Amino acid sequence: MFNDIVSIEKQHKNYKLVRDTIGHSAARTLLNEVYNSVKPIDKDFVVQFQSNGFDSRIWELSLLAAFQEQKFSIARAHERPDFELSKNDKKIFVEAVISNPAFNEQIEDKMDVIKNIPKDGFEKFIYELRNESTIRIAGALFNKLKKEYWKLDWVAGNPIILAVEPFHHSLSHWLSDSNLTGYLYGIENNWHYDDNQNLNIETFEITEHKSTDKSIPSNFFNLKNSEYISAVIFSNSGTISKFNRMGKLKNYGNSDIEMIRIGNMYDHNPNASTPIPFQYMVGKDGPIENWAQGISMYHNPKAKYPIDRKMFPDFLHGYNDNGFYAYVPRFYPYQSETHIMIPEKYRNKDSR
C-alpha cells in the first residue's frame with residue numbers, strides 16, 4: 001500500500017505522514033497486513049488510500065479488522081455494499097461511510113484550530129461543533145439510504161448496516177456519539193441530581209437539529225425506507241492512531257517508539273453524569289485494546305430484519321424501546337488521543 005502510485009502533488013498529507021515517519025512504523029506494517037487479509041474488490045483502493053480517499057479507506061480497513069475479530073467470514077464477491085458478513089448461516093451487509101467537509105472546504109490543521117479557540121468560548125465552540133457534526137453525519141447517512149441497497153439481488157432479505165465515522169473537521173474525533181443517538185431516534189435528554197444526589201434523566205422527543213446555517217429533520221429511523229437499515233455503527237477511533245496502537249501491541253514497528261493514550265471512558269456507576277479520564281502507556285499498562293473497542297451499534301426499533309447483538313459481542317449496543325438504553329463494554333472510550341514519543345537519536349533522520 002505504500003509503494004507510490006499517485007503523484008506527489010496528489011498524495012494525502014496523512015498518507016505521507018504514515019509512509020515516511022518512524023513514529024508510524026507500527027501502523028504501516030499493520031495496515032498492509034489488514035489490507036492483504038482479504039481479496040480486494042476495489043481496483044482503485046490503493047490509489048484512493050494514497051490520495052483523496054485516505055480517510056474512508058482507513059475507516060474501511062478498521063472495520064475489516066473489527067469484523068474479522070468478531071469471527072465473521074467476509075465475502076468480496078460484489079462491489080457494494082462494502083462488506084458481506086457471514087456467521088452461523090446468517091448474512092449481514094455493511095456499507096461504510098464518512099462525513100466530509102462542505103464542498104471545496106479545507107480542513108484546518110488541528111493545532112491551528114485549538115490555538116484559535118477563545119479561552120472563554122470553549123463550551124460554545126464544542127456546542128457548535130457538535131451541532132455541525134450531527135448535520136454532516138446525517139447527510140452522509142441519508143445519502144447512503146438513497147442508494148437502496150436492499151433492492152440488490154444478493155442483498156435482498158438480509159440486514160443492512162450503515163457504518164459511519166466523522167472526518168469533516170480536524171476535531172470531529174473529540175466528539176462522542178451522543179448527538180448521533182439523538183438524530184437516529186429523534187430524542188434528547190435532560191438530566192439533574194435530586195435532593196438525595198440521585199441522577200435523574202428525562203428523555204423527550206425532538207423534531208429537528210440545527211447548526212449555524214442549516215436545520216434538518218430528526219429521527220433517521222423514521223425516514224421512508226429506513227426499516228431496511230437494521231442498525232447504524234459509529235466510531236470516532238477508526239484512525240491511524242488506532243492502527244499505530246494495535247500494531248504496537250503486536251510488536252510491529254520500531255521497538256524504541258513509545259505511545260501514551262489519553263482520553264475519557266464510560267463510567268458504569270449508574271449515578272455518574274461525567275466520564276472517567278484515563279491514561280496509559282500502550283503495551284505497558286492499561287487495558288488490552290481490541291478492534292471493537294470504541295465501536296457502537298445503534299439498532300433500528302422498526303428494522304425489517306433485526307440483528308442479534310450477540311453477533312457483535314464486543315460492540316456497544318444501543319436501543320430505543322420504550323426509552324433509550326445500551327449494553328456497554330467494561331472499558332468503553334468516548335474519545336482518546338495518542339501521543340507518540342520518539343527518542344532523540346531518530347529525530348531528523350530517515351524514518352524508515
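Since the structure is predicted, the reported quantities are computational estimates derived from the model, not experimental observations.
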Would the distance check show the side chain of Lys90 and the main-chain N or O of Asn158 forming a donor-acceptor pair, the cut-off being under 3.5 Å? no
Flag if over 12 foreign heavy atoms under 6.0 Å of CG, Asn36: yes
Contact check, side chains of Glu148 and Asn225, non-hydrogen atoms, under 4.5 Å: yes
For a 4.5 angstrom cut-off between non-hydrogen side-chain atoms, does Met297 reach His299? yes
Considering residues at least two apart in sequence or located in another chain, which fulfil the side-chain contact (heavy atoms from CB on, under 4.5 Å) criterion with Met246? Leu30, Lys242, Leu249, Glu289, Trp291
N/O donor-acceptor pair under 3.5 Å between Asn290 side chain and Gln293 backbone: yes
Pairing donors with acceptors under 3.5 angstrom, does anything connect the side chains of Asn300 and Ser230? no
Examine Phe2 together with Phe49 and report whether their ring centres are nearer than 6.0 Å. yes
Would you sort out whether Leu31 and Val18 count as a side-chain contact (heavy atoms from CB on, under 4.5 Å), showing the intermediate values? CA-CA 10 Å; Leu31 281 164; Val18 179; 4.1 Å; yes
Should Ile262 and Tyr280 be regarded as members of a common hydrophobic cluster, given that ILVMFWY residues are connected when their side-chain heavy atoms come within less than 4.5 Å of each other, either directly or indirectly? no
Please report whether the ring centroid of Phe331 lies less than 6.0 Å from that of Phe278. yes
Under 3.5 Å, is there a donor on one side chain and an acceptor on the other for Ser296 and Asp177? yes
Could you tell me whether Glu337 and Arg261 make a salt bridge, using a distance below 4.0 angstrom between a side-chain N and a carboxylate O? no
Is there a donor-acceptor contact under 3.5 Å linking the side chains of Glu95 and Tyr149? yes
Enumerate the side chain to side chain donor-acceptor pair (under 3.5 Å) contacts for residues 62-71, please, sequence neighbours excluded, ordered by first and then second residue. Ser37-Gln68, Gln70-Asp314
Does a side chain donor of either Tyr252 or Glu33 reach within less than 3.5 Å of an acceptor in the other side chain? yes
Output the rest of the hydrophobic cluster of Tyr319: all Ile, Leu, Val, Met, Phe, Trp and Tyr residues reachable through side-chain heavy-atom contacts under 4.5 Å, sorted by chain and number. Tyr325, Tyr327
Is the number of heavy atoms from other residues, nucleotides or ligands under 6.0 Å of Phe142 CZ greater than 12? no
Ser237 meets the side-chain hydrogen bond (donor to acceptor under 3.5 Å, both in side chains) criterion, sequence neighbours left out, with Ser235
salt_bridge(Glu132, Lys214) N-O dist < 4.0 Å: no
Over-ring placement of Arg57 relative to Tyr15, 6.0 Å and 45° cut-offs: no
Would the number of heavy atoms belonging to other residues, nucleotides or ligands and lying under 6.0 Å from CD of Glu205 be above 12? no
Would a distance-only check, ignoring hydrogens and angles, find a side-chain to backbone donor-acceptor pair under 3.5 Å from Asn264 to Pro275? no
Compare every heavy atom of Ala96 with every heavy atom of Asp82, then report the nearest pair and how far apart it is. OD2-N, 2.8 Å
Looking at residues at least two apart in the chain, or sitting in another chain, which of them share a side-chain contact (heavy atoms from CB on, under 4.5 Å) with Ile5? Val46, Val47, Gln50
Please identify each residue that fulfils side-chain hydrogen bond (donor to acceptor under 3.5 Å, both in side chains) with Asn52, with sequence neighbours left out. none
Does Thr21 offer a backbone N or O that forms a donor-acceptor pair with the side chain of Arg28 under 3.5 Å? yes
Shared hydrophobic cluster for Trp154 and Ile160 (ILVMFWY, side-chain gaps under 4.5 Å): yes
With the 4.5 Å side-chain cut-off for hydrophobic clustering, are Met281 and Met265 part of the same group? no
Assess whether side-chain contact (heavy atoms from CB on, under 4.5 Å) is satisfied between Ile187 and Thr181, documenting all intermediate values. CA-CA 8 Å; Ile187 58 174; Thr181 57; 5.6 Å; no
Find out if a path of hydrophobic residues (ILVMFWY) with successive side-chain heavy-atom gaps under 4.5 Å connects Tyr334 to Phe324. yes
Please work out which of the three classes, parallel, tilted or perpendicular, describes the rings of Tyr298 and Tyr185, given edges at 30° and 60°. perpendicular
Is there side-chain contact between Tyr193 and Asn200, with at least one heavy-atom pair below 4.5 Å? no
Kindly indicate, with the supporting measurements, whether the criterion side-chain hydrogen bond (donor to acceptor under 3.5 Å, both in side chains) is fulfilled by Asn254 and Ser25. CA-CA 6 Å; Asn254 190 302; Ser25 56; 5.9 Å; no
What I'd like to find out is whether the side chain of Lys302 reaches to under 4.5 Å of the side chain of Ser226, using heavy atoms alone. no
Do Ser178 and Arg130 have a side chain donor and acceptor closer than 3.5 Å? yes
Side chain to side chain, Thr338 and Ile260, heavy atoms closer than 4.5 Å: no
With a 3.5 Å cut-off and no angle check, do the side chains of His209 and Ser218 form a donor-acceptor pair? yes
Asp4 and Arg19 ion-paired at < 4.0 Å: yes
Parallel under 30°, tilted from 30 to 60°, perpendicular over 60°: which one fits the rings of His317 and Phe312? tilted
Checking Lys87 against Phe72: charged group under 6.0 Å from the ring centre and within 45 degrees of the axis? yes
Would Asn236 and Glu165 count as having a side-chain donor-acceptor pair, cut-off 3.5 Å? no
